[in-house]
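Encoded as structure tokens, the structure appears first; notes follow it.
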Amino acid sequence: MKKSFLTIITLFAVMLVFGQHAKKPTIMVVPSDHFCISHGYKLTFDNQGTKVVLPDYKAALQGDGSLRLVISKLSGIMAERGFPLKDLEQELKSIAQASAERSVMTSKESGASIVESPIDMLKRTAKSDIIMDIDFEVKKRGPQSYVVFTLNGLDAYTSKSVASASGTGRPSSAAAPELLLEEAVLSHMDKFNGMLMTHFKDMFTNGREVKVEINLFEGFLVDLEEEYDYDGETSELGDIIDDWMADNTVEGRYSNSDNTENFIKFEQVRIPMFYDRKGKQRAMDTKKFVNNLRKFLARDPFNLTCKLYQRGLGEAWLIIGEK
Amino acid sequence: MKKLTKILVIVVLAVGFFGCATTKIDSVYKTGSEILKVGNEGTKLIKVWGYGKTPDIAITDAKRNAVDVAIFKGFSAGGDSDKIFPIVSEDNSRIENKVFFDDFFKVGGKYLQYVNSKNYGVPSGKDRLKLKYGYNVAVSVSIEFDTLRKYLEEKGIARRLDEGF
């Protein structure tokens, strides 16, 4: 009787864990800076005497048929593997449209407009968790054409390359450039997805890799060298936060890459994929993880008020001092 | 009793003798596979070696090897293709799913649905070696790689790219 009861409990626990889904990263194909600038899709402006050249994605997407073909092919392959891509062109259009609508939106009774801080405006850009940075060129050698192709999968928060594939296609004098491009995509996507799979498996085994920053609001009297009596010893606030990271990351994996009395930068922070809430497993993201640190610092003996600022799925800042 | 001992000695010697002979043939075998081209609709064109008493049996063996490599080993970069990772990435999957794979790879098994020979007739020249006890042939086969991957994902044998999300 006891045995069967235990079996039922175990099965229930397993169902709870495996029934949950982690937060799915969004993926978007973005033409590389090199592609945009070398093809003339660029914006040039003068920044206090320094000439700055930036890629003009809108012009590239509107003016380059080959780019559209490659993105379409990549989208089809990724959708089939369970990752429908965010479309950069649609995203840019949607942002422009939403911005226009927001500017004329008012309430019925008082005529109030929508509140929008400068940060809100800055955050409204096309973004995704993984960027497929694509670069290609159809080159000529005598009568023959061939394709040089580079695809990099970049984690938008850690800036790490999580998958990559590149190579030069076989020269052909008969095939059209479009066909060569299609072949290039097909030839490299298996490797790219294989590396992406390795990345995801590592994520589920060792936790999601994110960045966390601790900052202070200007004028706040406490800094990260302030000493507190906590857990039977006197330690600096920075060290206490460091200990909290060690206790709450997967197998204590994180790196305190830089710090002063005003900030701490944590990189390679491995956060768990799930957490418990009311007996149920829920998907963890960086905001939730850092919110736990915020709650910890709000308690005795610290009693600190902190603002939590999220930068997408994989980065969050905790700013001590105010909300 | 003496008779029984004699029989046992003969059996042991025979096993030893034929065992050595097999090893000798094995060393002559050509094995392995290489990717020739990645096709549309998730197909891969592979050149693969097989062995059998007759060329036809060797071709069937080559087809089986092609599917086996696609599932468990993947292909090194070659032809017009970049490296292709194996469909099943877990090292012990073959053992863990022994019942499934024994059935999948049995004579006339389901694996044949995912591989087609691109050779016309029996291979000749460098692609056909006559060995003492049979034939070693190299054939070009087309593997329905994506369809095979989806089938193994549905059966829970292969991990989906979006698994867990």
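Just so it is clear, the values below take in all heavy atoms, side chains as well, and ignore hydrogens, waters and symmetry mates. Quick note on labels: first sequence line is chain A, next is B, and so on, each numbered from 1.
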Are any of the side-chain heavy atoms of [X] and [Y] separated by less than 4.5 Å?
X	Y	value
Arg170(A)	Lys37(B)	no
Phe200(A)	Asp162(B)	no
Glu80(A)	Asp146(B)	yes

Is the distance from the ring center of Phe192(A) to that of Phe85(B) below 6.0 Å?
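Aromatic pair excluded; centres sit 6.0 Å or further apart.
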
So with a 6.0 Å cut-off around [atom1] of [X], is the heavy-atom count from everything else above 12?
X	atom1	result
Lys288(A)	NZ	yes
Asp91(B)	CG	no
Lys126(B)	NZ	no

Relative to chain B, which of Glu182(A), Lys24(A), Met195(A) shows the most heavy atom pairs under 4.5 Å?
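Counting heavy-atom pairs under 4.5 Å, the top option is Lys24(A).
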
Gap between atom [atom2] of [Y] and atom [atom1] of [X] - 0.5 Å precision:
X	Y	atom1	atom2	result
Leu161(B)	Phe83(A)	CG	CZ	5.0 Å
Leu186(A)	Lys44(B)	CG	NZ	7.5 Å
Asn193(A)	Ile84(B)	CG	CD1	11.5 Å
Arg81(A)	Arg149(B)	CZ	CZ	3.5 Å
Arg160(B)	Met197(A)	CZ	CE	9.5 Å
Glu183(A)	Ser81(B)	CD	OG	11.0 Å

Between Arg159(B) and chain A, which part of the residue has a heavy atom less than 4.5 Å away: side chain, backbone, both or neither?
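Contact with chain A involves both backbone and side-chain atoms of Arg159(B).
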
Heavy-atom closest contact (Ser187(A) atom, Val38(B) atom, distance):
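Closest pair (atom of Ser187(A), atom of Val38(B), distance): CA-CG2, 4.2 Å.
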
So Phe145(B) and Asp190(A), side chain to side chain contact (heavy atoms under 4.5 Å, CB included) or not? Walk me through it.
CA-CA 10 Å; Phe145(B) 194 84; Asp190(A) 279 300; 4.0 Å; yes

Salt bridge or not between Lys201(A) and Glu163(B)? Use side-chain N to carboxylate O under 4.0 Å.
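Answer for the salt bridge query: no.
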
Evaluate His188(A) against Lys83(B) for side chain to side chain contact (heavy atoms under 4.5 Å, CB included), listing each step before the verdict.
CA-CA 8 Å; His188(A) 296 290; Lys83(B) 179 183 177 177; over 6 Å; no

Under 4.5 Å from any heavy atom of chain B, what part of Ser166(A) do you find: side chain, backbone, both or neither?
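Backbone only.
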
